[in-house]
Amino acid sequence: MEVVVMGGSRGDVLTERSFEGSAYSDYRSSHQTPGYGTDYTKTFCSGYYAALWLRIERPLVEGILRPLGGPGRSCLDFACGTGRVTTVAGPLFGEVVGVDVSQSMLACARVPGNVKLVKADLTVAPLSRRFDVVTAFRFFLNAEDTLRRDALSAIHEHLNDGGLLVSNIHMNATSPAGLVCRFLNRFQGRVVRSTLSIHAYRQMLASNGFVVERVIGYGFLPRPGWLLPRLCEMLVGPVDTICRRAGVPARFAQNFLVVARRR
């Protein structure tokens, strides 16, 4: 089995060694179904999530990555998916590599020319190099405990000494939406929606060789399902601005971003 490596907006096709024989967990497998990448891309084309990305999350990611970048600096986007964060990192670093297990997701990525996209599972087939910065977005919330540990171990090994991991959690357990999800989970006796608190994620990072340097809450306006989608899209930016100016604690935000340094 060949692993496809692509570079540029459409990609030059190369090959690397396979990770054939590795056993995918449910979370890994869920992202590899045909058409998943197309459906995932649509999530950020319009509505609440598009507004959250364009007005809040993307500027936040750019503001964090810009001072970490430079012509001689490198960035790995772990579980890069369709390349949203990879595309942001591209102009800021001399070299950017986006890695994902899903060909369906990678096929939808449109990235700058200095970005290489690699289909691989770094928990079983590591790259033969390290990076100054690793990003990992919308991954750790839904990954199983063993996959979280394996992923953090792999990220740790792919970072230079003192390198930074920039990651996020998109359903904070202590936010209003997170509390609702936790209630529904308890009421129905199953996981309707995964949640993770800032405290729990801090502990997870510390247990896997990272020191948390910064936590930023964002997305203070929760997405109330199908209710008032246009109104939420219009208000997501202003509500965040008001909450930041008022000093509302990050624990009330639906999303949080963490910058952690490799010990």
Side-chain angles (χ1 to χ4, degrees), residues 27 31 39-66 77 79-89 105 135-143 165-188 190-202 204-205 212-260:
Y27 186 72
H31 289 67
D39 293 339
Y40 186 84
T41 299
K42 291 177 182 177
T43 303
F44 299 94
C45 288
S46 62
Y48 175 88
Y49 287 119
L52 182 72
W53 168 248
L54 291 173
R55 299 173 189 174
I56 301 173
E57 194 170 31
R58 178 169 184 146
L60 180 60
V61 173
E62 286 179 333
I64 290 172
L65 294 184
R66 189 176 301 279
D77 189 14
C80 67
T82 57
R84 286 182 307 118
V85 175
T86 324
T87 301
V88 174
M105 299 281 269
T135 56
F137 278 69
R138 295 182 72 90
F139 174 81
F140 288 106
L141 176 66
N142 294 317
L165 166 61
V166 182
S167 59
N168 85 321
I169 299 298
H170 55 285
M171 183 53 76
N172 180 7
T174 59
S175 68
L179 292 172
V180 170
C181 290
R182 291 167 62 192
F183 171 79
L184 292 175
N185 291 344
R186 181 179 294 271
F187 179 75
Q188 298 194 19
R190 62 186 179 88
V191 177
V192 178
R193 181 75 181 269
S194 298
T195 66
L196 193 63
S197 69
I198 294 173
H199 176 70
Y201 191 48
R202 275 182 175 272
M204 187 188 309
L205 290 168
V212 173
E213 294 194 343
R214 190 178 179 190
V215 177
I216 304 169
Y218 65 97
F220 285 91
L221 178 68
R223 174 181 175 267
W226 53 270
L227 296 173
L228 306 173
R230 293 293 298 170
L231 182 61
C232 288
E233 184 179 352
M234 292 170 54
L235 293 179
V236 65
V239 168
D240 255 56
T241 299
I242 292 170
C243 288
R244 282 196 301 272
R245 289 177 178 174
V248 177
R251 66 177 179 273
F252 295 116
Q254 184 167 321
N255 311 261
F256 59 89
L257 184 152
V258 176
V259 180

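Each residue takes its place number in the sequence, starting with 1.
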Heavy-atom side-chain contact between [X] and [Y] under 4.5 Å:
X	Y	result
Val236	Tyr49	no
Arg58	Val88	yes
Tyr201	Val215	no
Asn255	Leu52	yes
Ile64	Ile216	yes

**Message:** Among Val258, Ile198, Leu165, exactly one meets side chain to side chain contact (heavy atoms under 4.5 Å, CB included) together with Val212. Which residue is that?
**Reply:** Val258
**Cation over ring face, Arg138 and Phe44, 6.0 Å, 45°** = no
**Asked** Hey, does the Lys NZ or Arg CZ of Arg84 hover above the aromatic six-ring of Phe137, less than 6.0 Å from the centre and inside 45° of the axis?
**Response** no
Interatomic distance, [X] atom [atom1] to [Y] atom [atom2] [nearest 0.5 angstrom]:
X	Y	atom1	atom2	answer
Phe220	Arg244	CZ	CZ	8.0 Å
Glu57	Leu60	CD	CG	7.5 Å
Leu196	Asn142	CG	CG	10.0 Å
Tyr48	Leu231	OH	CG	12.0 Å
Leu221	Gln254	CG	CD	8.5 Å

Quick one: closest heavy-atom pair of [X] and [Y], and the distance?
X	Y	value
Asp77	Ala136	OD1-N, 4.4 Å
Leu257	Val259	CD2-CG2, 4.0 Å
Thr86	Cys80	OG1-CB, 3.4 Å

**Request:** With sequence neighbours left out, write down each residue that passes ring pair (Phe, Tyr, Trp, His ring centres under 6.0 Å) with Phe256, or none if nothing qualifies.
**Result:** none
Please tabulate, for side-chain N and O atoms in residues 170-179, each donor-acceptor pair with protein atoms closer than 3.5 Å (sequence neighbours left out).
residue : atom : partner : partner atom : Å
Asn172  : OD1  : Thr174  : N            : 3.3
Asn172  : OD1  : Thr174  : OG1          : 3.2
Asn172  : ND2  : Thr174  : OG1          : 3.4
Asn172  : ND2  : Ala250  : O            : 3.4
Asn172  : ND2  : Arg251  : O            : 3.0
Asn172  : ND2  : Ala253  : O            : 3.0
Thr174  : OG1  : Arg251  : O            : 2.6
Ser175  : OG   : Asn172  : O            : 2.8
Ser175  : OG   : Gly178  : N            : 3.0

**Asked** Between Asn185 (side chain) and Ser194 (backbone), is there a donor-acceptor pair under 3.5 Å?
**Response** no
